[in-house]
Amino acid sequence: QVQVVESGGGLVQAGGSLRLSCAASGRTFSTSLMGWFRQAPGKEREFVAAISWSGADTTYEDSVTGRFTISRDNAKNTVYLQMNSLKAEDTAVYYCAAKHWTGYNSVAVTTAAIYDYWGQGTQVTVSS
């Protein structure tokens, strides 16, 4: 069982930066795929970024590539999402998700259905 808790959201001006954190409990964090998703009002939840259990593999949604960076610290059971050059369209609730999996598939990791554990989300609002 893994529990994940997001933090770090807030209000920021366009062009600014935020770093989201996702703290996970449980012994399987270091062997878990971790992902970030987001959901804007009236829209479907969408994939943002994912990182393999070792940190060696990452995948990003096209619109955040070059602006967002996902990373993890297995010693701290934490995954991060550094968000730079934020835009108004990045406004959403951001969710952290986990799956106990030591494999990696850059297509599969973009699918919300494969993740077993989800946090409650943290709001990110970018003002233009």
Side-chain angles (χ1 to χ4, degrees):
Q1 188 81 5
V2 176
Q3 292 182 327
V4 293
V5 179
E6 306 94 337
S7 62
L11 174 64
V12 63
Q13 288 188 332
S17 298
L18 280 176
R19 188 176 80 157
L20 305 184
S21 298
C22 172
S25 64
R27 299 179 180 179
T28 60
F29 176 83
S30 63
T31 53
S32 292
L33 164 72
M34 300 298 295
W36 285 98
F37 288 75
R38 65 187 180 186
Q39 188 167 17
K43 295 188 176 181
E44 297 289 317
R45 187 172 299 190
E46 66 173 1
F47 169 76
V48 176
I51 188 166
S52 63
W53 67 278
S54 65
D57 298 289
T58 58
T59 303
Y60 296 92
E61 194 269 330
D62 288 347
S63 70
V64 308
T65 298
R67 300 189 298 123
F68 291 11
T69 302
I70 189 171
S71 62
R72 67 189 297 159
D73 185 338
N74 284 349
K76 296 182 178 180
N77 277 20
T78 302
V79 64
Y80 305 98
L81 185 68
Q82 178 67 44
M83 305 186 295
N84 299 328
S85 302
L86 282 161
K87 305 176 181 179
E89 51 263 44
D90 294 318
T91 294
V93 177
Y94 283 70
Y95 297 91
C96 179
K99 178 181 178 61
H100 182 216
W101 188 31
T102 55
Y104 197 83
N105 178 289
S106 61
V107 175
V109 301
T110 69
T111 304
I114 75 163
Y115 294 84
D116 300 313
Y117 307 102
W118 290 82
Q120 293 300 306
T122 185
Q123 176 71 47
V124 172
T125 303
V126 184
S127 62
S128 57

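Sequential numbering from 1 along the given sequence is applied to the chain's residues.
Judged by the 6.0 Å and 45° rule, R67 forms no cation-pi pair with Y60. Figure legend: R19 and Y80 shown as a cation-pi pair, the cationic atom lying under 6.0 angstrom from the six-membered ring centre and within 45 degrees of its axis.
Side-chain contact between H100 and D116: absent, with no pair of heavy atoms (C-beta onward) separated by less than 4.5 Å. Side chains of M34 and V4 form a contact here, defined as non-hydrogen atoms less than 4.5 Å apart.
Of all the heavy atoms in A98 and V2, the pair that sits closest is CB-CG1, 4.3 Å. Considering every non-hydrogen atom in both S128 and A88, the closest pair reads CB-CB, 4.2 Å. Across all their heavy atoms, V109 and W101 have their closest contact at CG1-CZ3, 4.1 Å. Heavy-atom minimum distance, L81 versus Y94: CD2-CD2, 4.2 Å.
Using a distance-only test at 3.5 Å, with no hydrogens or angles considered, no donor-acceptor pair links the side chain of Q82 to the main chain of T69. Checking side-chain atoms of N77 against main-chain N and O of A24 turns up a donor-acceptor pair under 3.5 Å. No donor-acceptor pair under 3.5 Å is formed between the side chain of R72 and the backbone N or O of L33. Between the side chain of Q39 and the backbone N or O of A92 there is no donor-acceptor pair closer than 3.5 Å. Using a distance-only test at 3.5 Å, with no hydrogens or angles considered, no donor-acceptor pair links the side chain of Q13 to the main chain of S127. The closest donor-acceptor contact from the side chain of T91 to the backbone of V126 lies under 3.5 Å. N74 places a side-chain N or O within donor-acceptor distance of the main-chain N or O of W53, the cut-off being under 3.5 Å. For the pair S106 (side chain) and T59 (backbone), a donor-acceptor distance under 3.5 Å is absent.
When the side-chain contact (heavy atoms from CB on, under 4.5 Å) test is applied to V93, the partners found at least two apart in sequence or on another chain are Y95, Q123.
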Checklist entry - Going through the distances and angles, do Y104 and S54 end up as a side chain to side chain donor-acceptor pair (under 3.5 Å)? => result CA-CA 10 Å; Y104 197 83; S54 65; over 6 Å; no
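Through side-chain heavy atoms spaced under 4.5 Å, either directly or across other Ile, Leu, Val, Met, Phe, Trp or Tyr residues, V5 is tied to no other residue.
In this structure, W36 has its ring center at least 6.0 angstrom away from the ring center of F68.
Atom CZ of residue R38 and atom CG of residue D90 lie 5.0 Å apart, to the nearest 0.5 angstrom. Atoms SG and CD, on C96 and E6 in that order, are 5.5 Å from each other to the nearest 0.5 Å.
F29 is connected to I70 through a chain of hydrophobic side-chain contacts under 4.5 Å among Ile, Leu, Val, Met, Phe, Trp and Tyr, so both are in one cluster.
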